[in-house]
**Student:** 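Sharing a structure here in structure tokens format.
Start at 1 with the first residue, then count along the sequence.
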Amino acid sequence: MIRFFEAYKLVVITKRITWQLPNERWFKCNTDGASRENPGPISYGFCVRNYVGDVVFAKVEQIGNTTNMVAKARGIMEGPSYYIQMDFHPLIIETDSMVMKKIIEGEWEVPWCISKEVKKINQMKG
């Protein structure tokens, strides 16, 4: 096993990703959440743009001490909640979290610490 790890070569693959405008009359909400430590002080943020790229609304909020997963879930939950209230439809949600994507789409089990947020997100999806 030692020889295996001594011979191991790290491979880094990068892929350029560019943000794209939503289709005409659509809105796009980009979300993120982070923690200073894990667990630790957390915050989330989201930004919504219209089909010409103008920022319609943006918000960031510190929400206490917990994990980065809670921060990411809150960002995904809070963005659409605001836009549903303001009647900004239809809305595209984008996140950089593959983990949250797989949880929301039902591919991975929902951790107990974000079960309320995921339930609300799925209710909003309809």
Side-chain angles (χ1 to χ4, degrees):
M1 185 175 277
I2 293 171
R3 284 190 206 124
F4 170 80
F5 285 111
E6 287 176 341
Y8 181 77
K9 303 275 188 224
L10 179 65
V11 177
V12 177
I13 299 171
T14 60
K15 180 180 177 183
R16 182 179 174 161
I17 299 173
T18 57
W19 187 86
Q20 296 178 351
L21 290 169
N23 293 331
E24 191 169 337
R25 292 192 214 81
W26 280 69
F27 297 89
K28 185 180 277 191
C29 179
N30 293 93
T31 71
D32 202 2
S35 62
R36 187 171 305 244
E37 296 172 2
N38 201 20
I42 66 168
S43 59
Y44 71 86
F46 63 88
C47 171
V48 173
R49 293 178 183 263
N50 61 19
Y51 66 93
V52 295
D54 294 336
V55 174
V56 177
F57 186 79
K59 179 180 179 180
V60 295
E61 184 175 5
Q62 290 183 307
I63 54 175
N65 290 315
T66 187
T67 66
N68 63 339
M69 178 139 346
V70 172
K72 290 182 180 298
R74 285 288 298 273
I76 294 169
M77 181 186 79
E78 294 293 335
S81 293
Y82 177 80
Y83 293 98
I84 288 170
Q85 291 172 8
M86 299 306 292
D87 202 28
F88 291 133
H89 297 271
L91 179 67
I92 299 166
I93 306 295
E94 285 187 343
T95 180
D96 66 345
S97 175
M98 181 190 71
V99 171
M100 287 304 304
K101 177 185 178 294
K102 291 192 176 284
I103 290 169
I104 291 166
E105 292 178 350
E107 294 179 45
W108 291 0
E109 192 170 321
V110 179
W112 67 268
C113 62
I114 60 169
S115 59
K116 290 189 317 187
E117 289 86 353
V118 172
K119 182 177 180 180
K120 187 170 180 179
I121 292 165
N122 283 323
Q123 288 171 341
M124 287 185 285
K125 280 176 37 181

**Student:** Working to the nearest 0.5 angstrom, can you tell me the gap between Asn38 CG and Met69 CE?
**Tutor:**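 Nearest 0.5 Å value for the CG-CE distance: 8.5 Å.
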
**Student:** Testing the basics here: between Ile93 and Pro80, what is the closest heavy-atom pair and its distance to 0.1 Å?
**Tutor:**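 Heavy-atom minimum between the residues: CD1-CG, 3.2 Å.
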
**Student:** Got more than 12 heavy atoms from elsewhere within 6.0 Å of CD, Glu24?
**Tutor:**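 Counting other residues, nucleotides and ligands, CD of Glu24 exceeds 12 neighbours.
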
**Student:** So does Glu109 have more than 12 non-hydrogen atoms from other groups sitting under 6.0 Å from CD?
**Tutor:**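 Check fails, neighbour count at 12 or below.
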
**Student:** Going through the distances and angles, do Met77 and Val118 end up as a side-chain contact (heavy atoms from CB on, under 4.5 Å)?
**Tutor:** CA-CA 8 Å; Met77 181 186 79; Val118 172; over 6 Å; no

**Student:** Tell me whether Tyr44 shares a hydrophobic cluster with Val60, the cluster being built from Ile, Leu, Val, Met, Phe, Trp, Tyr side chains joined at under 4.5 Å.
**Tutor:**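 Hydrophobic grouping puts Tyr44 apart from Val60.
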
**Student:** Under a 4.5 Å side-chain heavy-atom rule over Ile, Leu, Val, Met, Phe, Trp and Tyr, are Trp26 and Met124 clustered together?
**Tutor:**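 No, Trp26 does not connect to Met124 through the hydrophobic network.
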
**Student:** What is the minimum heavy-atom distance between Ser115 and Val110, and which atoms define it?
**Tutor:**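 Minimum heavy-atom contact is CA-CG1, 3.7 Å.
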
**Student:** With no hydrogens and no angle check, is any side-chain donor or acceptor of Lys59 less than 3.5 Å from a backbone partner on Phe46?
**Tutor:**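 The answer is no, because no donor-acceptor pair under 3.5 Å joins these two groups.
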
**Student:** Hey, could you give me the CG/CD1 distance between Asp32 and Ile76, rounded to the nearest 0.5 Å?
**Tutor:**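 One gets 9.0 Å once the value is rounded to the nearest 0.5 Å.
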
**Student:** Please determine whether residues Ile13 and Met98 belong to a single hydrophobic cluster, defined as Ile, Leu, Val, Met, Phe, Trp and Tyr linked transitively by side-chain heavy-atom distances below 4.5 Å.
**Tutor:**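 No, because Ile13 and Met98 fall into different hydrophobic clusters, even though each may have its own neighbours under 4.5 Å.
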
**Student:** If you look at every heavy atom in Val70 and Cys113, which pair is closest and at what distance?
**Tutor:**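 Closest approach of Val70 to Cys113: CG2-O, 3.8 Å.
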
**Student:** Once you round to the nearest 0.5 Å, how far does CD1 of Ile114 lie from CD1 of Ile121?
**Tutor:**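 Answer for the CD1-CD1 pair, Ile114 versus Ile121, is 7.5 Å.
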
**Student:** How close do Ala71 and Ser43 get, counting heavy atoms only, and between which atoms?
**Tutor:**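 Minimum heavy-atom contact is CB-O, 3.4 Å.
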
**Student:** Could you tell me the separation between the CD atom of Glu78 and the NZ atom of Lys120, rounded to the nearest 0.5 Å?
**Tutor:**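 If we round to the nearest 0.5 Å, Glu78:CD and Lys120:NZ are 6.0 Å apart.
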
**Student:** Output a table of donor-acceptor pairs, distance under 3.5 Å, between side-chain atoms of residues 99-108 and any protein atom two or more places apart or on a different chain; print 'none' if there are none.
**Tutor:**
unit_1 : atom_1 : unit_2 : atom_2 : d
Lys101 : NZ     : Glu105 : OE1    : 3.0
Lys102 : NZ     : Glu107 : OE1    : 3.1

**Student:** State, with a plain yes or no, whether a side-chain heavy atom of Thr67 is found less than 4.5 Å away from one of Pro39.
**Tutor:**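 Yes, at least one pair of side-chain atoms sits under 4.5 Å.
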
**Student:** Is the closest side-chain heavy-atom distance between Arg49 and Leu21 below 4.5 Å?
**Tutor:**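 No. Closest side-chain heavy atoms not under 4.5 Å.
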
**Student:** Could you tell me whether the side chain of Lys28 and the main chain of Gln20 form a donor-acceptor pair under 3.5 Å?
**Tutor:**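 Yes, the answer is positive, given that a donor and an acceptor are paired below the 3.5 Å cut-off.
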
**Student:** Roughly how far, to the nearest 0.5 Å, is the CD1 atom of Ile42 from the NZ atom of Lys72?
**Tutor:**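 Those atoms lie 11.0 Å apart.
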
**Student:** Please indicate whether Trp112 has more than 12 foreign heavy atoms, meaning atoms of other residues, nucleotides or ligands, lying under 6.0 Å from its CH2.
**Tutor:**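 12 or below, so no.
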
**Student:** Compare all side-chain heavy atoms of Val48 with those of Tyr82 and state whether any distance is below 4.5 angstrom.
**Tutor:**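 Result no, sub-4.5 Å side-chain heavy-atom pair not found.
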
